[in-house]
Amino acid sequence: MRYVRVSARAPGRTAAEIYPVISDFARYPELTDAVRSVDIEDLGSGRTGCSWEVTFRRGILKWTEEDHYDPENHRVDFSLVTGDLDHLVGHWWMRDEGLDCRIDFACDFDMGIPTLADVIEPIAAQTLGEYITVILRALVGEIVMIEDEPQDTRQPQETHGPPAVGAPAGGAPAGGAPAVGVRRRPS
């Protein structure tokens, strides 16, 4: 299992302004050739089913995830329903920090190929981090990547709200994680 985190700051922007832009997954194929298609089905109660088709190396990954939208807290949590991956859970979370908006993407994933995990998953994690950075720059414009922060040591939150008061985002230690943090989780 791998963990990926991408963190950035949008100078002079607010979470209320950035949230609807980031959560518009239907636009993602316009922003990068890596995202071939996104089909969205409204499931009601602030949830959608998103079917993704993404280029990975010389192939295509397909999966469907359930997304839970929380516009009040500027957060989207997602989890795998079915597809080419064995496991996928994570979130997008935007929040105001001073005069800027902090944007965090974090996820755990497992490609489901144990014999090749040490070869394929690091490449997939790095590629995902790069794709997310491209998408952020295209959607938001000016961003400053947040780097040199301690690595997360716990699973991303699977709740559909923000962490408790004083608790760090996505289960990360205070201060967050690197701009593109990639590491293997113990099995």
**Message:** Set out, in order, the CA-CA distance, both residues' side-chain angles and the distance that settles side chain to side chain contact (heavy atoms under 4.5 Å, CB included) for Trp52 and Thr64, then state yes or no.
**Reply:** CA-CA 6 Å; Trp52 294 79; Thr64 299; over 6 Å; no
**CA sep, side-chain torsions, deciding dist, call: Cys101, Thr14, side chain to side chain contact (heavy atoms under 4.5 Å, CB included)** = CA-CA 5 Å; Cys101 173; Thr14 66; 5.6 Å; no
**Message:** I'd like to know whether Lys62 forms a side chain to side chain contact (heavy atoms under 4.5 Å, CB included) with Asp84, so could you lay out the CA-CA distance, the side-chain angles of the two residues, the decisive distance to 0.1 Å, and finally the verdict.
**Reply:** CA-CA 6 Å; Lys62 297 179 184 180; Asp84 294 337; 3.8 Å; yes
**Residues Asp108, Leu88; criterion side chain to side chain contact (heavy atoms under 4.5 Å, CB included); working and verdict** = CA-CA 6 Å; Asp108 276 323; Leu88 174 69; over 6 Å; no
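Asp96 contributes a side-chain N or O that, together with a main-chain N or O of Ala15, makes up a donor-acceptor pair within less than 3.5 Å. Of the possible donor and acceptor atoms, one in the side chain of Trp93 sits under 3.5 Å from a partner among the backbone N and O of Asn73. In this structure a side-chain-to-backbone donor-acceptor pair under 3.5 Å is missing from Asp39 to Ser51.
Phe78 and Val38 fall within the same hydrophobic cluster, defined by Ile, Leu, Val, Met, Phe, Trp and Tyr side-chain heavy atoms under 4.5 Å apart, directly or through other members. The cluster map of Ile, Leu, Val, Met, Phe, Trp and Tyr, joined by side-chain heavy atoms under 4.5 Å apart, puts Phe56 and Val119 in different clusters. Residues Leu128 and Ile123 are members of one and the same hydrophobic cluster, defined by side-chain heavy-atom contacts under 4.5 angstrom among Ile, Leu, Val, Met, Phe, Trp and Tyr. Using a 4.5 Å cut-off between side-chain heavy atoms of Ile, Leu, Val, Met, Phe, Trp and Tyr, with links allowed through other members, Val54 and Ile113 fall into the same hydrophobic cluster. Under a hydrophobic clustering in which Ile, Leu, Val, Met, Phe, Trp and Tyr are joined whenever their side-chain heavy atoms come within less than 4.5 Å, directly or via other members, Val81 and Met111 fall into different clusters.
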Could you list the donor-acceptor pairs under 3.5 angstrom formed by side chains in residues 19-32, with sequence neighbours left out?
unit_1: Tyr19; atom_1: OH; unit_2: Asp70; atom_2: N; d: 3.4
unit_1: Ser23; atom_1: OG; unit_2: Tyr19; atom_2: O; d: 2.8
unit_1: Tyr28; atom_1: OH; unit_2: Ile22; atom_2: O; d: 2.6
unit_1: Thr32; atom_1: OG1; unit_2: Ala34; atom_2: N; d: 3.2

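Using a 4.5 Å heavy-atom cutoff, the side chains of Trp92 and Val6 are not in contact. Side-chain contact between Thr133 and Met145 is present, with heavy atoms from C-beta onward closer than 4.5 Å. In this structure, the side chains of Val35 and Ile135 come closer than 4.5 Å at one or more pairs of heavy atoms. Residues Arg102 and Met94 are not in side-chain contact: their nearest non-hydrogen atoms beyond the backbone lie 4.5 Å or more apart. At a threshold of 4.5 Å between non-hydrogen side-chain atoms, the residues Thr48 and Tyr69 count as touching.
Looking only at atom types and distance, the side chain of Ser7 has a donor-acceptor partner in the side chain of Asp104 under 3.5 Å away.
Other residues, nucleotides and ligands contribute only 12 or fewer heavy atoms inside 6.0 Å of the CG atom of Leu99.
Interatomic distance, Trp63 CH2 to Glu53 CD, rounded to the nearest 0.5 Å: 10.0 Å. Here NE2 of His91 is found 5.5 Å from CZ of Arg5. Values are rounded to the nearest 0.5 Å. Between the CG atom in Leu136 and the CD1 atom in Ile143 there is a gap of 4.5 Å [rounded to 0.5 Å]. The line from CD of Glu97 to CD1 of Ile103 is 10.5 Å long, rounded to the nearest 0.5 Å. Between the CZ atom of Arg95 and the NE2 atom of His74 there is a distance of 12.0 Å, given to the nearest 0.5 Å. Rounding to the nearest 0.5 Å places CZ of Arg2 at 11.0 Å from CD1 of Ile120.
In terms of the side-chain hydrogen bond (donor to acceptor under 3.5 Å, both in side chains) criterion, residue partners of Glu66 (sequence neighbours excluded) are, by chain and number, Arg47, His68. Arg137 is linked by a side-chain hydrogen bond (donor to acceptor under 3.5 Å, both in side chains) to nothing, counting only residues two or more places apart in sequence or in another chain.
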